[in-house]
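These numbers were taken from a predicted model, which means no experiment stands behind them.
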Amino acid sequence: MREMLSYLAVALPAGASAATRLLALQCALRSTCGGEVRIPTGLVRGMRLWPDATPHQALESAGWLRLQDSRPDVRHRGFAARLLDPTVRTQAPGRHSRTRAADWALRVCAGRQLRLLGTAPRLLALVLGAHHAAGSALAAVDQDMLGRLSGLALPQLPQVLDLLIDARFLRSWTFEAASGDVRWAVPWTDPFPDDES
């Protein structure tokens, strides 16, 4: 999961929305080795990407995928596409492992604490989850990396981290100026039981 989040942080346009990044992650993890992906209606609903604009169209405009239907009714029928990014199409992990990672990401983002939050806090929670070590309540990652992986500008990070505290996904967070790390604590030691990080 960490590797895919890192790759997408580089491969997607810098201004890509959190909804676009979450959809790209699911497409990359669920695609066949030929780059074909089908995102069914139930998955679209489970991802709760709306009312954010049209992330599938943003991915197509960026040249990252090509929709098989030029005007898909994504909210009611899902969609099928072909990934155009050659690196994503030649991923090393097997399809089974990638599908498990996609399911894990969906469970984290649709979890009880996060389901009512917007896409930016849910993407940040997913990034934090991918960098969380099972059995520990504490974790840390470089602030710049956290911003890149979540698609947030550094001034936005504190506000979104505070939203995760309000939702009781995080217990606390701090910024350590000396190391440049954001450190966080979760209210339990293993919030991600089937960790695919």
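- Rounded to the nearest 0.5 angstrom, His131 NE2 and Trp184 CH2 are separated by 7.0 Å.
- Partners of Ala110 under the side-chain contact (heavy atoms from CB on, under 4.5 Å) rule, at least two apart in sequence or in another chain, do not exist in this structure.
- Two different hydrophobic clusters hold Phe169 and Leu163 under the rule that ILVMFWY side chains link at heavy-atom gaps under 4.5 Å.
- To the nearest 0.5 Å, atom CG of residue Leu83 and atom CH2 of residue Trp64 are 5.0 Å apart.
- A distance of 9.0 Å separates OG in Ser6 from CZ in Arg2, rounded to the nearest 0.5 Å.
- Put simply, the side chain of Ser31 reaches to within 4.5 Å of the side chain of Arg98, judged on heavy atoms.
- By the side-chain contact (heavy atoms from CB on, under 4.5 Å) test, Glu36 pairs with Thr32, Gln68, Arg82, sequence neighbours left out.
- Within 6.0 Å of CZ in Arg66 there are 12 or fewer heavy atoms belonging to other residues, nucleotides or ligands.
- What you find for His132 and Ala139 is that their closest heavy atoms are CA-CB, 4.3 Å.
- With sequence neighbours excluded, the residues satisfying side-chain hydrogen bond (donor to acceptor under 3.5 Å, both in side chains) with Glu176 are Arg183.
- In terms of the side-chain hydrogen bond (donor to acceptor under 3.5 Å, both in side chains) criterion, Asp142 has no residue partners (sequence neighbours excluded).
- Note that OH of Tyr7 and CG of Leu149 are 14.5 Å apart. Values are rounded to the nearest 0.5 Å.
- Residues Met47 and Leu106 share a closest heavy-atom pair of CG-CD1, 3.7 Å.
- Listed by chain and residue number, Pro155, Gln156 satisfy the side-chain contact (heavy atoms from CB on, under 4.5 Å) test with Ala153 (two or more places apart in sequence, or in another chain).
- Smallest separation of non-hydrogen atoms from Ala62 and Pro13: CB-CG, 3.7 Å.
- Nearest heavy atom pair, residue Cys27 against residue Val37, reads O-CG2, 3.8 Å.
- Nearest heavy atom pair, residue Met1 against residue Ala105, reads CE-CB, 3.7 Å.
- Here Ala102 pairs with Gln26, Leu29, Arg30 under the side-chain contact (heavy atoms from CB on, under 4.5 Å) rule; sequence neighbours left out.
- Taking 4.5 Å as the limit, every side-chain heavy atom of Leu25 sits out of range of all side-chain heavy atoms of Arg21.
- Residues passing the salt bridge (Lys or Arg N to Asp or Glu O under 4.0 Å) test with Asp166: none are found, sequence neighbours excluded.
- Contacts of Thr20 classified as side-chain hydrogen bond (donor to acceptor under 3.5 Å, both in side chains), with partners at least two apart in sequence or in another chain: Ser17.
- Residues Leu154 and Met145 are members of one and the same hydrophobic cluster, defined by side-chain heavy-atom contacts under 4.5 angstrom among Ile, Leu, Val, Met, Phe, Trp and Tyr.
- Among residues two or more places apart in sequence or in another chain, the side-chain hydrogen bond (donor to acceptor under 3.5 Å, both in side chains) test is passed with Asp144 by none.
- Applying the side-chain contact (heavy atoms from CB on, under 4.5 Å) test between Leu124 and each of Leu117, Thr119, Leu164 identifies Leu164 as the sole match.
- Rounded to the nearest 0.5 Å, atoms CG (Leu59) and CG (Leu67) are 8.5 Å apart.
- Closest of all the heavy-atom pairs between Leu157 and Ser150 is CD2-OG, 4.2 Å.
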